[in-house]
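Notes to accompany the following structure.
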Amino acid sequence: MESLAIITSGGDAPGMNAAIRAIVLSCHAKGIKCIGFYHGYNGLIEDECLTLTPEMVRPILQYGGTILKSARCPQMHTDDGVKNVAKTLKRHKVDSLVVIGGDGSFRGMMALQSYWSGRLIGVPATIDNDLACTDSTIGFSTAVSTATHAIDKIRDTANAFERVFIVEVMGRHSGHIAFNVGLATAAESILSFENCPSSSLEQVKLSLIEQIQTQQKNNHTSFVIVLAENLWPGGAQGLKQTLNDTANIESAVCVLGYIQRGGSPCPEDRILATELGIEAVEAAYSESGIMIGKEQGKLIRRCIIAATEQKKPVDQAIHSVYQTLT
């Protein structure tokens, strides 16, 4: 292997820079040329690249975002777009491509396999933690920590005014952030896909109203609801309106949004990104179409199809703890 390329694709996640750093330094130690392409697959289509050196990446471990920038790429849903990516990789004589990203980014890898014979390695980086074959994805721990600190501050205001607060967290269509943050902040209610299927939202509404009214009757205290995005019709504002219209319950809303994707990565994400980055370079010598993950403390290599096609449920132990406490 003489040349390896890197892209960061899809939603940014704290720790992406740490992964870039680990890959570049590992390549340098092995005498491999390392090329970075800007703006994900768009940079491969437009041939926006630079040679990455140790001097460029040594100071970036603690930075959020990604020095290679990121973007969605609609053209990767077309044969012409994928073919153009393959042409760029061939032009630069790239032997291996490491894709740092999430589900959509890895599906782009799968499409590229039909047009390019080089080796393809995925490094899971998404705050949603919705990729199978790894206990945690890069950025997840930081997102949970960021949301936890934010809700701790919201709790102070909620207690001062004895208010009901609805806090919406990210996660796309999984409840990993919602459940972990809900437990970490002692939220009175966690509403997520795992415990609130769309078919039972009416029942969930009635149960939630009963919970709130019982607590308001017996205790003068706050009530925090952690809500997973994309779960409730109309989101947090929709749930606020529902509570008001149905039971005259007033509530305040806070949508944490993109704050969860920014900021300096926590130590757990820095270490995970470094481990996965180094292992990606090792794997790129001999394997393709795989994702590097970490399960039960061990680095693993799994087929990219398994990582994207399998569902990754919220840890049952966490689910059980929440059910016990409520």
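Computed from a predicted structure; not experimentally measured.
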Tell me which pairs pass side-chain hydrogen bond (donor to acceptor under 3.5 Å, both in side chains) where either residue lies in residues 4-15, with sequence neighbours left out.
Thr8-Thr66, Ser9-Ser105, Asp12-Arg261
Could you check whether any side-chain heavy atom of [X] comes within less than 4.5 Å of a side-chain heavy atom of [Y], counting everything from C-beta outward?
| X | Y | value |
| --- | --- | --- |
| Leu120 | Leu112 | yes |
| Met76 | Val85 | yes |
| Ile6 | Val123 | no |
| Thr308 | Met110 | yes |
| Asn17 | Arg21 | no |
| Ile225 | Phe165 | no |
| Thr53 | Val24 | no |
| Glu2 | Asp95 | yes |

With Asp130 as reference, evaluate Lys312, Arg172, Lys311 under the side-chain hydrogen bond (donor to acceptor under 3.5 Å, both in side chains) test and give the passing residue.
Arg172
Within 6.0 Å of [atom1] in [X], more than 12 heavy atoms from elsewhere:
| X | atom1 | value |
| --- | --- | --- |
| Glu210 | CD | no |
| Gln203 | CD | no |
| Glu250 | CD | no |
| Ile259 | CD1 | no |
| Leu325 | CG | yes |

Heavy-atom pair with the smallest gap, counting every atom of [X] and [Y]:
| X | Y | value |
| --- | --- | --- |
| Thr126 | Leu131 | CG2-CD1, 4.2 Å |
| Cys254 | Ile154 | SG-CD1, 3.7 Å |
| Ile300 | Cys133 | CD1-O, 3.3 Å |
| Phe223 | Ser189 | CE2-CB, 4.1 Å |
| Ile67 | Tyr38 | O-CE2, 3.6 Å |
| Val226 | Gly182 | CG2-CA, 4.0 Å |

With no hydrogens and no angle check, is any side-chain donor or acceptor of [X] less than 3.5 Å from a backbone partner on [Y]?
| X | Y | value |
| --- | --- | --- |
| Ser174 | Gly171 | yes |
| Tyr41 | Arg72 | no |
| Asn195 | Ile190 | yes |
| Asn244 | Lys240 | no |
| Asn129 | Thr137 | yes |
| Ser145 | Ser141 | no |
| Glu168 | Glu229 | no |

Set out, in order, the CA-CA distance, both residues' side-chain angles and the distance that settles side chain to side chain contact (heavy atoms under 4.5 Å, CB included) for Thr88 and Asn84, then state yes or no.
CA-CA 6 Å; Thr88 301; Asn84 286 332; 5.6 Å; no
Stepwise side chain to side chain contact (heavy atoms under 4.5 Å, CB included) check, Lys205 with Thr246:
CA-CA 9 Å; Lys205 177 190 73 175; Thr246 307; 3.9 Å; yes
What is the distance from atom [atom1] of [X] to atom [atom2] of [Y], rounded to the nearest 0.5 Å?
| X | Y | atom1 | atom2 | result |
| --- | --- | --- | --- | --- |
| Ile23 | Ser96 | CD1 | OG | 11.0 Å |
| Leu4 | Tyr285 | CG | OH | 9.5 Å |
| His28 | Lys33 | NE2 | NZ | 15.0 Å |
| Leu227 | Leu256 | CG | CG | 11.0 Å |
| Ile166 | Trp232 | CD1 | CH2 | 9.0 Å |
| Arg302 | Ile304 | CZ | CD1 | 12.5 Å |

Pick from Lys87, Met109, Lys90: which one makes a side-chain contact (heavy atoms from CB on, under 4.5 Å) with Trp116?
Lys90
Determine, using ring centers only, whether Phe193 and His176 are less than 6.0 Å apart.
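No, the ring centres sit 6.0 Å or more apart.
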For residues [X] and [Y]: do they belong to one hydrophobic cluster (side chain heavy atoms under 4.5 Å, members Ile, Leu, Val, Met, Phe, Trp, Tyr)?
| X | Y | result |
| --- | --- | --- |
| Tyr258 | Ile177 | yes |
| Ile318 | Val181 | no |
| Ile127 | Ile292 | no |
| Leu206 | Leu208 | no |
| Leu97 | Ile305 | yes |

Start with the C-alpha gap between Asp79 and Lys83, add the side-chain angles, then the distance that decides, and say whether salt bridge (Lys or Arg N to Asp or Glu O under 4.0 Å) holds.
CA-CA 6 Å; Asp79 285 343; Lys83 288 176 182 177; 5.5 Å; no
State whether a side-chain donor-acceptor pair under 3.5 Å links [X] with [Y].
| X | Y | result |
| --- | --- | --- |
| Asn219 | Gln215 | no |
| Thr142 | Asp269 | yes |
| Asp128 | His173 | no |

Apply side chain to side chain contact (heavy atoms under 4.5 Å, CB included) to the pair Ser192 and Val314, showing each step before the final yes or no.
CA-CA 10 Å; Ser192 187; Val314 170; 5.7 Å; no
For a side chain to side chain contact (heavy atoms under 4.5 Å, CB included) check, start with the C-alpha distance between Ile209 and Ile249, then their side-chain angles and the critical distance, and finish with the verdict.
CA-CA 8 Å; Ile209 289 170; Ile249 294 173; 4.1 Å; yes
Residues [X], [Y]: salt bridge by 4.0 Å N-O rule:
| X | Y | answer |
| --- | --- | --- |
| Glu287 | Arg119 | no |
| Glu275 | Arg270 | no |
| Lys294 | Glu279 | no |
| Lys30 | Glu282 | yes |

Please determine whether ring pair (Phe, Tyr, Trp, His ring centres under 6.0 Å) holds for the pair Phe37 and His92, giving the CA-CA distance in whole Å, both sets of side-chain angles, and the decisive distance to 0.1 Å.
CA-CA 11 Å; Phe37 285 88; His92 287 276; 5.6 Å; yes
Residues which pass salt bridge (charged side-chain N to carboxylate O under 4.0 Å, His left out) with Glu188, listed by chain and number, not counting sequence neighbours
Arg155
